[in-house]
Amino acid sequence: WQQKWVIGNWKMNGQLHNNNNLVHKLRQLPAASNVCIGITPPTVYLLQVHNAVQIVLDNKIHVCAQDVSRFPDKGAYTGEVSAEMMRDVGVDIVLIGHSERSLYFNEKNDVQRLKIENVLNVGLLPLLCVGESLKEREDGREKEAVAYQLSVFKGLKTQNFAVAYEPVWAIGTGKVATKEQIADMHAFIYNEILSLCGNDANIRVLYGGSVNDTNAAEIFSVPHVDGALVGGASLKYDAFTAIIQAA
Ligand code: 13P
């Protein structure tokens with residue numbers, strides 16, 4: 001867990017042909033032993049990206065999923081994709097509770113908890129996204145909001161906790177949290193997980209929200225920043241590789 005993680009979240013973007021080009025170019029990056037790279041394509045492209053990163057030259061690229069079903073097994077759940085199926089097509093990490101899932105699908109802690117358990121049960125790593133809204137920050141309730149979101153971890157049978165701190169007001173807005181805000185919240189997240197889940201927890205906290213090639217180096221220098229979850233800039237080869245190189 002010493003490496004920095006740089007995970008690109010493509011959200012609902014991508015196309016067979018473009019995906020291949022981007023992944024092919026990423027595969028040719030020189031090995032960076034201090035960085036762990038991840039790509040999070042839409043579900044329909046997971047297998048394509050998995051196959052494309054299989055033939056890796058130097059860098060291992062992890063395949064991540066943007067979401068997973070709350071239902072654990074196979075069965076009559078039209079439209080759903082289970083954690084087991086994610087594993088079957090080569091997924092390593094699954095994002096849980098991205099703020100866009102709460103915003104557009106009204107996803108709350110109870111559903112996130114089910115999804116985390118499903119992911120852990122098939123041996124994959126859940127990456128929980130947390131972050132306050134602008135209103136919560138303006139009201140000085142950002143820690144309360146994040147603590148509530150982190151409470152889904154309570155009592156889980158795992159030692160490995162991965163979190164992305166993504167202040168909602170910084171996502172896709174070009175507004176980045178300040179170094180002080182990031183340092184303060186990341187330290188808070190570490191402490192909160194330790195007190196919820198015990199001192200032997202392995203913790204990794206990524207920052208997300210308007211990370212790009214010009215601000216990445218500064219963000220990576222902040223204490224307790226173990227990597228970045230990158231949205232828009234992960235769709236552009238030049239920007240994404242510059243972020244990887246800054247890590
Ligand atoms: P942007 O990098 O586009 O702000 O998105 C961040 C994000 O939501 C990653 O999950």
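Just follow the structure's listing: the first ligand is 1, and inside any ligand the first atom is 1.
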| query | If hydrogens are left out, which of Lys175, Gln66, Glu166 has an atom nearest to atom 7 (C) of ligand 1, that is, the closest non-hydrogen atom? | reply | Glu166
Is there a polar contact, in the sense of an N or O pair closer than 3.5 Å, between [X] and ligand 1?
| X | answer |
| --- | --- |
| Gly172 | yes |
| Val230 | no |
| Thr173 | no |
| Glu100 | no |
| Ile171 | no |

| query | Can you list the residues that meet the ring-ring contact (aromatic ring centres under 6.0 Å, His included) rule with His224, with sequence neighbours excluded? | reply | Tyr190
| So is Ala164 in contact with ligand 1, going by heavy-atom distances below 4.0 Å? | no
| Parallel, tilted or perpendicular: which fits the ring planes of Phe71 and Tyr77, with parallel below 30° and perpendicular above 60°? | parallel
| said: Regarding Asp110 and Lys108, does a basic nitrogen lie under 4.0 Å from an acidic carboxylate oxygen? | reply: no
| query | Can a salt bridge be assigned to the pair Glu107 and Lys115 using a cut-off of 4.0 Å between side-chain N and carboxylate O? | reply | yes
| query | Taking heavy atoms and a distance under 4.0 Å, where does Ala170 meet ligand 1: side chain, backbone, both or neither? | reply | backbone
| request: List, by chain and number, the other hydrophobic cluster members for Trp169, where Ile, Leu, Val, Met, Phe, Trp and Tyr join if side-chain heavy atoms come within less than 4.5 Å, directly or indirectly. | output: Leu134
